[in-house]
Every structure is written in structure tokens, then in C-alpha cells.
Amino acid sequence: NYAALFDQVDEWRHSVDEQVAIVTFNYDLMVESALNALFGLSYSAIDDWASSERNYRVFKLHGSCNWTHPTMVKGTLDPNAGDLIGAAQRGDLTIDDDRFTVVERSADMSTRGDVYPALAIPVLTKNTFVCPTTHVEELKRMLPEVDRVLIIGWRGSEQAFVDLASSTIDGGSVKRLWVVAESQESATQTVGSLRSLDVDAVRIGAISGGFTQIVKGNAIRDFLHVER
């Protein structure tokens, strides 16, 4: 689905010489895998995700399964994962959450105690971002230029991002905003959560059928090739 989506997006992107901002709250690497397969984009350093030299910027605001924070464990020279957990319980664990490192495989973290997973705690409503400050700043730079918003499978419950988007996206410049969800009810609920974006209601679409359905046929092309 991601590959099909980005393939159609790239056809449009080439025709108008645009850039694409991809915001995801998922921890997995499916977006990166699709972009690597289609365009050869690699993600081995933390700056790769939001690099200004790329036409596709990926903003993982809740972290990634292959991102970590460096740690220090008091009194332990060669900590393992068990030592890290014990140190956290004792208050002897220091986490440098301003720094992010990338591990090749998320499984590497199961035996290491020198790194701490850089992920948002999985609660229903997350009000903080877990990603480098430079990524957030780059996203803030791009959002005022956004003129199309495609939302897939997102309920709009991350208030921190809703606030960021509503304060930076120019609703009057958005030509089309589509919300794609499994049911019409879910899509409509997400639209309700985004009222603060102040997009003209005639430009908003709430579409049921889910991710697979939307990448079939010409729906994405219709969404993208709206009059500028």
C-alpha cells in the first residue's frame, strides 16, 4: 500500500516539482522500506529522515523502533537490558533524551543496556513528540507551504500535532483535505478533530474503505491533481 501510494504521489511530484512531507505516528519501518524500494532512500543516520536535500521528508513524531537514546547506568560498566531495567527502578538510570542514535535492527536493543528505545509511551492520547528537535523545526518550516493534506488511518487524537498544524498550516491555502478511514463514521470523527485547521468545508472529504481501497484506481491522482 505504501509503495502504491508513493508511486502515484511521485508521478504528481515530478510534474509540479513539489516536495512531500510524510508525518507518521507509527513506530514501524514500512514507510522507509517503501521509499527505499522505490527511490533508493536509505535511513542509517538520524538526519536522513528529515533531510532538506530530499524530496520526501519523513517525520516520525512518536519515535521509531530503530531509534534510541544514549544512557548511563550508575555503577555498571557493561550493562545489559536487565541492568537497565533495574537501574530505572532504583533511580540510577540517566537517559539523554536530547540525543538520538540509530540501530540497524530493533532486535539489537534486546541485549544492550547502553541505549534506551526512543518511543512515545503507548497511551491513547500522546501530547509530546519523541523525535529530534531539528525534525520538528523542519516540519514547522514545511507546514505553511502545504496545500494538500491526505490523512490515512489517523484519529486526530495527538493534540500536540493538531495544535502545531493549526498554528502553522494556512487553511485558506489548502486546496483539498481528505481523511481516509475504514468507516465513514471514523473518517467524520477525524474531520471533527481537525476543525482548528480552518479549511473550507467544501474542500474536505471523509472517505471510507481504508488504505487499500484508496490506492486503487484514480482516487489519489484525483486528490493530487486538484487546481492549484
| request: Carefully, step by step, assess F161 and L139 under the rule side-chain contact (heavy atoms from CB on, under 4.5 Å). | output: CA-CA 11 Å; F161 179 71; L139 180 59; 4.1 Å; yes
Under a 4.5 Å side-chain heavy-atom rule over Ile, Leu, Val, Met, Phe, Trp and Tyr, are [X] and [Y] clustered together?
{"X": "I214", "Y": "L38", "answer": "yes"}
{"X": "V102", "Y": "L29", "answer": "no"}
{"X": "I85", "Y": "V73", "answer": "no"}

How far does [atom1] of [X] sit from [atom2] of [Y], to the nearest 0.5 angstrom?
{"X": "T68", "Y": "D97", "atom1": "OG1", "atom2": "CG", "result": "12.5 Å"}
{"X": "L224", "Y": "K175", "atom1": "CG", "atom2": "NZ", "result": "15.0 Å"}
{"X": "W49", "Y": "T24", "atom1": "CH2", "atom2": "OG1", "result": "12.5 Å"}
{"X": "W12", "Y": "R148", "atom1": "CH2", "atom2": "CZ", "result": "5.0 Å"}
{"X": "T71", "Y": "I95", "atom1": "OG1", "atom2": "CD1", "result": "7.5 Å"}
{"X": "D7", "Y": "F39", "atom1": "CG", "atom2": "CZ", "result": "6.5 Å"}

| message | side-chain contact (heavy atoms from CB on, under 4.5 Å) for R203 and L177? Distances and angles first, verdict last. | response | CA-CA 6 Å; R203 301 174 182 174; L177 185 154; 6.0 Å; no
List the atom of [X], the atom of [Y], and the distance in Å for their closest heavy-atom pair.
{"X": "M142", "Y": "A21", "result": "CE-CB, 3.9 Å"}
{"X": "I46", "Y": "P132", "result": "CG1-CG, 3.6 Å"}
{"X": "A4", "Y": "V215", "result": "CB-CB, 4.1 Å"}
{"X": "I204", "Y": "R195", "result": "CD1-NH1, 4.1 Å"}
{"X": "S183", "Y": "S208", "result": "C-CB, 3.6 Å"}
{"X": "A3", "Y": "A34", "result": "N-CB, 3.9 Å"}

Are the side chains of [X] and [Y] in touch, meaning some heavy atoms are under 4.5 Å apart?
{"X": "L150", "Y": "V180", "result": "yes"}
{"X": "E32", "Y": "I22", "result": "no"}
{"X": "R54", "Y": "L41", "result": "yes"}
{"X": "Y43", "Y": "L35", "result": "yes"}
{"X": "S193", "Y": "V162", "result": "no"}
{"X": "C131", "Y": "V136", "result": "yes"}
{"X": "R221", "Y": "Q8", "result": "yes"}
{"X": "I152", "Y": "L5", "result": "yes"}

| said: One pair to check against side-chain hydrogen bond (donor to acceptor under 3.5 Å, both in side chains): S173 and D147. What are the steps and the verdict? | reply: CA-CA 6 Å; S173 298; D147 60 5; over 6 Å; no
| task | Under the side-chain hydrogen bond (donor to acceptor under 3.5 Å, both in side chains) rule, what do D10 and Y56 come out as? Steps first, then yes or no, please. | result | CA-CA 9 Å; D10 203 59; Y56 289 87; 2.7 Å; yes
| query | Between the side chains of D163 and Q159, is a donor N or O closer than 3.5 angstrom to an acceptor N or O? | reply | yes
| message | Is there a side-chain contact (heavy atoms from CB on, under 4.5 Å) between W67 and V130? Walk through the geometry before answering. | response | CA-CA 10 Å; W67 291 0; V130 179; 5.9 Å; no
| note | Which of V174, L194, V191 passes side-chain contact (heavy atoms from CB on, under 4.5 Å) with V199? Answer is V174
| task | Kindly confirm or rule out a cation-pi arrangement of R141 over F59, judged by NZ or CZ under 6.0 Å from the six-membered ring centre and within 45° of its axis? | result | no
| said: Is it the case that atom CZ in R99 sees more than 12 heavy atoms from other parts of the structure closer than 6.0 Å? | reply: no
| query | Is the F129 to H62 ring centre distance short of 6.0 Å? | reply | no
